[in-house]
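All of these numbers come straight from a predicted model, not from anything done at the bench. Per chain, numbering begins at 1; letters A, B, ... match sequence-line order.
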Number of protein chains: 2
Amino acid sequence: MTITRSIPVAVQVNQILRERIRLGVYPPGGKLPSESELSQEFDVSRATIRTVLARMAAEGLILRKQGDGTYVNEHIRDVNTHLGGLWEFSRLIENSGYQPSINSLSITQRASTEHEAHLLDIQPGNEVLSLRRLFFADEDPVILATNVIPNARIDPTAGEPDGRLRIHEFIQRYCHRKIAYAVSDVRAGVADYEIAHILNWQPDSPLLKIEIIFYDRDNSPLVCGQSYLNDAILRLRLVQAWE
Amino acid sequence: MTITRSIPVAVQVNQILRERIRLGVYPPGGKLPSESELSQEFDVSRATIRTVLARMAAEGLILRKQGDGTYVNEHIRDVNTHLGGLWEFSRLIENSGYQPSINSLSITQRASTEHEAHLLDIQPGNEVLSLRRLFFADEDPVILATNVIPNARIDPTAGEPDGRLRIHEFIQRYCHRKIAYAVSDVRAGVADYEIAHILNWQPDSPLLKIEIIFYDRDNSPLVCGQSYLNDAILRLRLVQAWE
DNA sequence: TAGTGGTCTAGACCACCCT
DNA sequence: GGGTGGTCTAGACCACTAC
């Protein structure tokens, strides 16, 4: 409620409005105050309010009607991917209403395959660090993720890799880089015997397969990954606003 | 290049900049003019330029670096879903580099199932119009889509339904409504014999299954759909910018 | 007609990067 | 230091909707 000037005002207003929607201060289907009322309440300009509302509208959280008002979208429950959760599996699980946890299955050093080298813009055979991790939603294993990082990117003085970190925290700590964006392919795959066993699921049943590459702000590939997601437990649900 | 005032300035600038990137005026990895240069060139305010660039950055098309400049993202080729293409299959196919076409397989009138009634907020058994359509990428069948619309929403005077229209055009013409947003579940499925036959693909092979509901701006469900996408031909590739 | 959101402007100050 | 993007303001005018 109280607005500081150390954190961007728009970020704070964003958090406050989301919190109010979550708590039901603005109930599903209900109306939000007008832009001018909000700008008065928070003592910020209408433009600032508008950037916040624009973002929430793009995520489908609110619906804006010219000449009428702004409404809380009541059909938005259980949406977990406001297009920021696909490569943040912990958040994806959290947004789906489960408690996320990460189990590190293996951390190995090996030569890169040709395919990996191509994706990561390195020479085939160059050493890479391969992380195999299992994500849980509450007690259920739901995502098996394999991430590959070029050795050359890793700071050897940063200590032993901790496989339970979120990927951006991992990169931050061991590569001193920030992930800027990611490109991912969503595909349909099938659980082979090993994967089915790890995910505690039937062999030959369909799974979502997510292939992803993370880039830093200099547009260099940092990590590539290949993950299997049990979509019987964890839905991939997303909203798209028209235009 | 020439700016009118009848169409929003931001939209025109957006189109022009995208076109320049597409044509290589701003080559992959290259730098765009600064915000102030662009605002001078188009004779619009910097704020307007920024809204355009912000949108392009959110889609991953450009990368912005404080204190440096704005760059064309070179890793963005073949990305087909800037999170606006999932429920616009024609555009999805187009963005993937194919020529889209739609084949109407069947248009039938029937009673709604319990599940459909729940999704569409109608009574089970109420009449619905069921459209079954096949999307082609060039010559290959890639998406089998089934859409269901409550009869009560359809204007009987609008004539015989044309199954080759895009869904939003269809709704516009026969329901006089505009689609405001959509909620979709992306899942992994398997091609049964019939579906495999229609898609000209192996039975029991994995397919992406997309379940979707379209809403209008009054937040009423208009259409629900269930589609099978052959992801061996048509990739679902998306970009996500950090935060 | 009054009030809402949609568009756009002109300008300020800041944080950051390059040289 | 000079330029770039990041944040924010105050105010204008328009298009639309509900009453």
Side-chain angles (χ1 to χ4, degrees), chain A residues 3-17 26 30-58 60-73 177-178 180-181 216-219 241-243, chain B residues 3-17 26 30-58 61-73 176-178 180-181 216-219 241-243:
Chain A
I3 301 282
T4 322
R5 290 283 158 178
S6 54
I7 301 174
V9 182
V11 173
Q12 299 178 64
V13 173
N14 196 318
Q15 288 170 345
I16 293 171
L17 293 182
Y26 309 137
K31 210 176 200 174
L32 265 69
S34 71
E35 296 180 350
S36 49
E37 283 172 334
L38 288 172
S39 71
Q40 283 174 34
E41 180 192 343
F42 296 117
D43 197 28
V44 299
S45 76
R46 192 180 151 219
T48 301
I49 294 291
R50 279 185 63 78
T51 65
V52 174
L53 295 180
R55 177 160 181 178
M56 293 170 68
L61 195 59
I62 56 175
L63 299 174
R64 319 207 64 195
K65 294 198 213 175
Q66 191 172 6
D68 184 357
T70 302
Y71 294 84
V72 178
N73 190 347
R177 301 258 180 170
K178 274 192 180 176
Y181 72 100
D216 66 8
R217 53 172 189 168
D218 294 326
N219 220 359
W242 169 255
E243 285 298 63
Chain B
I3 301 281
T4 322
R5 289 284 158 178
S6 54
I7 301 174
V9 182
V11 173
Q12 298 177 66
V13 173
N14 196 319
Q15 288 171 344
I16 292 171
L17 292 182
Y26 308 138
K31 211 177 200 174
L32 265 69
S34 71
E35 296 180 349
S36 48
E37 283 172 334
L38 288 172
S39 71
Q40 283 174 35
E41 180 191 344
F42 296 117
D43 196 27
V44 299
S45 76
R46 192 181 152 219
T48 301
I49 293 292
R50 278 186 63 78
T51 64
V52 174
L53 295 181
R55 178 160 180 177
M56 293 170 69
L61 195 59
I62 57 176
L63 299 174
R64 319 207 65 195
K65 294 198 214 177
Q66 190 172 8
D68 184 358
T70 302
Y71 294 84
V72 178
N73 191 347
H176 312 303
R177 301 258 180 169
K178 274 192 181 177
Y181 72 99
D216 66 8
R217 55 176 187 163
D218 294 326
N219 221 358
W242 169 256
E243 286 298 63

Exercise. Between dG3(D) and Ser36(B), is there an OP1 or OP2 to side-chain N/O distance shorter than 4.0 Å?
Worked result: no

Seminar exercise, completed: When Ala47(A) and Ser34(A) are each assigned the nearest nucleotide of DNA chain C, the 5'-most assignment goes to Ser34(A)

Problem set entry | Close side-chain approach of Phe42(B) to Leu17(B), heavy-atom, < 4.5 Å | yes

Problem set entry | Rounded distance (Å) that lies between atom C1' of dC14(C) and atom CD1 of Ile7(A) | 16 Å

For this session: Looking only at side-chain atoms of Asp68(A), point me to the closest of dG5(D), dT9(D), dT17(D).
Result: dT17(D)

Seminar exercise, completed: When rounded to whole Å, the CG to P distance for the pair Asp43(A) and dA10(D) reads 8 Å

For this session: Determine, stepwise, if the pair Glu35(B) / Arg64(B) fulfils side chain to side chain contact (heavy atoms under 4.5 Å, CB included).
Result: CA-CA 11 Å; Glu35(B) 296 180 349; Arg64(B) 319 207 65 195; 2.5 Å; yes

Problem set entry | Pair Leu32(A)-Leu53(A), side chain to side chain contact (heavy atoms under 4.5 Å, CB included): steps then yes or no | CA-CA 10 Å; Leu32(A) 265 69; Leu53(A) 295 180; 4.2 Å; yes

Exercise. For the pair made of CZ in Arg217(B) and C1' in dC16(D), what is the distance, rounded to whole Å?
Worked result: 9 Å

Exercise. What is the distance from CD1 of Ile62(B) to C1' of dG6(D), rounded to the nearest Å?
Worked result: 14 Å

Problem set entry | d(CD, Glu35(B); P, dG11(C)) in whole Å | 17 Å

Problem set entry | Spacing of Phe42(A) atom CZ relative to dA10(D) atom C1', expressed in whole Å | 19 Å

Exercise. Which nucleotide in the set dC17(C), dT9(C), dA15(C) lies at the smallest distance from any side-chain heavy atom of Gln66(B)?
Worked result: dA15(C)

Exercise. Any side-chain N or O of Arg50(A) less than 4.0 Å from the OP1 or OP2 oxygen of dG5(C)?
Worked result: no

Exercise. Taking only side-chain nitrogens and oxygens of Thr70(B), does any of them come within less than 4.0 Å of OP1 or OP2 of dT4(D)?
Worked result: no

Exercise. Looking at the side chain of Arg64(B), which of dG6(C), dG6(D), dA10(D) is the nearest nucleotide?
Worked result: dG6(D)

Problem set entry | Residue Arg46(B), side-chain atoms from C-beta onward, closest of dT9(C), dC18(C), dT7(D) | dT7(D)

Problem set entry | Candidates dG5(D), dT9(C), dC8(D) - which lies nearest the side chain of Ala10(A) | dC8(D)

Problem set entry | Distance in Å, Thr48(B) OG1 paired with Asp43(B) CG, rounded so as to fall on 0.5 Å steps | 10.5 Å

Problem set entry | Out of dT7(C), dT9(D), dT7(D), whichever nucleotide has its closest atom nearest the side chain of Ser45(A) | dT9(D)

For this session: Could you state the atom-to-atom distance from CD1 of Ile49(B) to C1' of dG6(D) in whole Å?
Result: 16 Å

Problem set entry | Nearest-Å distance for atom pair CG/P, residues Leu38(B) and dC8(C) | 16 Å

For this session: Output, in order, the C-alpha distance, side-chain angles, deciding distance and verdict of side chain to side chain contact (heavy atoms under 4.5 Å, CB included) for Leu61(A) and Arg55(A).
Result: CA-CA 9 Å; Leu61(A) 195 59; Arg55(A) 177 160 181 178; over 6 Å; no

For this session: Could you tell me whether Thr51(B) contacts a base, only the sugar-phosphate backbone, or nothing, with contacts defined as non-hydrogen atoms closer than 4.0 Å?
Result: nothing

